[in-house]
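Here the structure is a predicted model, which is why all the values come from computation and not from measurement. Every chain is numbered from 1, with letters handed out A, B, ... down the list of sequences.
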Number of protein chains: 2
Amino acid sequence: MNKTKKRSDCPISNSLDIWGDKWSLLIIRDLMFAKECTYGDFLKADERIATNILASRLQALEENKMIEKLDHPDSKVKVLYRLTKKGIDLMPVLIEIHLWAEKYFPIPEDRKAMLKEVKKDKAGFIKAKSKELMG
Amino acid sequence: MNKTKKRSDCPISNSLDIWGDKWSLLIIRDLMFAKECTYGDFLKADERIATNILASRLQALEENKMIEKLDHPDSKVKVLYRLTKKGIDLMPVLIEIHLWAEKYFPIPEDRKAMLKEVKKDKAGFIKAKSKELMG
DNA sequence: AAACATTACTTGCAATATGCAAGTAATTAT
DNA sequence: ATAATTACTTGCATATTGCAAGTAATGTTT
């Protein structure tokens, strides 16, 4: 979306300039749950992102060092995407969004289970999951 | 922005449907720092939101019970906006965004000071600040 | 009391972004 | 050799954004 033009020097604003649209955090969400995704994997998500939007978001997120491309072990046509450290570091944000949403929306069962774990030991959960994604 | 149409039953997606655009969280940020703002106060923010966009976001946030209108004590032309409980409950999200941004952007001094306090006792900070905003 | 200033919006319109359907190039499978 | 996958790109209609200007209700000044 945006061409790295900062609207102000506010950290919230700076952050939104990178991933503050309706789609970017969903891509990041998919990568946090799946660790690695192909283009086709993203398209399978319930929200039904359009292919052109997906391509433009992947490019922007890559330019902003939130995600990176990898060679797929099985094929040269396939591309694997995964989170960088910068992307993984967004986990606390995603978790707090989940915890907020839990108060105000009905939550699917698998997410409830995850949040139960989170509540037992938030720092521990983040550390373990981040390590998993870095691997 | 959106007319309450949910794209999926994912809590992240549901959340973004409400405040997942480039402006809504900035409005919420202003209200977290200032507790109460007039229309004109929002316009003063560094990001320079357009008046029509501000009006549409305020309306959407109100419809979604994130903010509410109050009578201004000084005048009938002025309107005060403030966060509801639902809006205040986003504080952990805003804080985690700040903490993430701190790692990847230069941060203004006043925010640095705030984050220092946050790091001393995150839960305590949120509790105290939330209470302040509820008052 | 008339004139001017504030405040919170609304309106019109050009520019940009989104969403949908279809197309393409490089592999990979049959 | 032919067909299928995969990761995109392109064209175009629709929706959203951003800018400038306008307006209605109140408040202030002379």
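- Between B:Trp23 and D:dT17, a side-chain N or O to OP1/OP2 separation shorter than 4.0 Å is absent.
- As rounded to whole Å, 13 Å separates atom C1' of C:dT6 from atom CG of B:Asp41.
- Look at CZ on A:Arg57: it is 12 Å from C1' on C:dG19, rounded to the nearest Å.
- Going from atom CZ of B:Phe42 over to atom P of C:dT7 covers 15 Å, rounded to whole Å.
- Between the side chain of A:Ser75 and the base of D:dT6 there is no donor-acceptor pair of N/O atoms closer than 3.5 Å.
- Side-chain contact annotation: A:Asp89 with B:Tyr104, donor-acceptor N/O pair under 3.5 Å present.
- Of the two residues contacting DNA chain C, namely A:Asp74 and A:Ile53, the nearest-nucleotide position lying further toward the 5' end is that of A:Ile53.
- For A:Ile49 and D:dA7, the CD1 to P distance is 14 Å, given to the nearest whole Å.
- Side-chain N/O atoms of A:Lys69 include one lying less than 4.0 angstrom from OP1 or OP2 on D:dC8.
- Within the structure, a side-chain polar atom (N or O) of B:Tyr81 is placed less than 4.0 Å from OP1 or OP2 of C:dC9.
- Checking B:Leu83, B:Val93, B:Ile88 one by one against B:Ile28, the side-chain contact (heavy atoms from CB on, under 4.5 Å) holds for a single residue, B:Leu83.
- Contact check, B:Lys5 against D:dA15: no side-chain N or O comes under 4.0 Å of OP1 or OP2.
- Rounded to whole angstrom, the span from the CD atom of A:Glu36 across to the C1' atom of D:dA7 amounts to 17 Å.
- In summary, A:Glu109 and A:Lys112 engage in a salt bridge, as defined by a charged side-chain N under 4.0 Å from a carboxylate O.
- With distances taken from any side-chain atom of A:Lys76 to the nucleotides C:dT28, D:dG27, C:dG19, the minimum falls on C:dT28.
- Listed by residue number, the members of residues 27-35 of chain B with any heavy atom below 4.0 angstrom from DNA chain C form an empty set.
- Atom-to-atom, CD of A:Gln59 to C1' of C:dT18 comes out at 16 Å; the value is rounded to the nearest Å.
- For the pair A:Arg57 and A:Trp19, the cation does not sit on the ring face, since its NZ or CZ is not both under 6.0 Å from the ring centre and inside 45° of the axis.
- A salt bridge does not link B:Asp46 to A:Arg7: none of the charged nitrogens lies less than 4.0 Å from a carboxylate oxygen.
- Mapping A:Asn52 and B:Arg48 onto DNA chain D by nearest heavy atom places A:Asn52 closer to the 5' end of the strand.
- Taking the side chain of A:Thr51 as heavy atoms from C-beta on, and the options C:dC9, D:dG18, C:dA22, the nearest nucleotide is C:dA22.
- A donor-acceptor pair shorter than 3.5 Å cannot be found between the side chains of B:Glu68 and B:Thr84.
- Whole-Å rounding puts the B:Asp21 CG to D:dA15 C1' distance at 14 Å.
- Taking only side-chain atoms of A:Lys78, from C-beta outward, the nucleotide of D:dT9, C:dA8, D:dA7 with the closest atom is D:dA7.
- Comparing D:dC8, D:dT10, C:dA8 against the side chain of A:Tyr39 picks out D:dC8 as the nearest.
- If you measure from atom CG of B:Asp71 to atom P of C:dA8, you get 13 Å, rounded to the nearest angstrom.
- Listed nucleotides D:dG27, D:dC19, D:dT10 differ in distance to B:Val77; the shortest reach to its side chain belongs to D:dG27.
- Salt-bridge check for B:Lys129 with B:Glu132: passed, with a basic side-chain N closer than 4.0 Å to an acidic carboxylate O.
- Contact between the side-chain N/O atoms of B:Lys44 and the OP1/OP2 oxygens of C:dT7 is not found at any separation under 4.0 Å.
- Using a 4.0 Å cut-off between a side-chain N of Lys or Arg and a carboxylate O of Asp or Glu, A:Lys116 and A:Glu102 do not qualify as a salt bridge.
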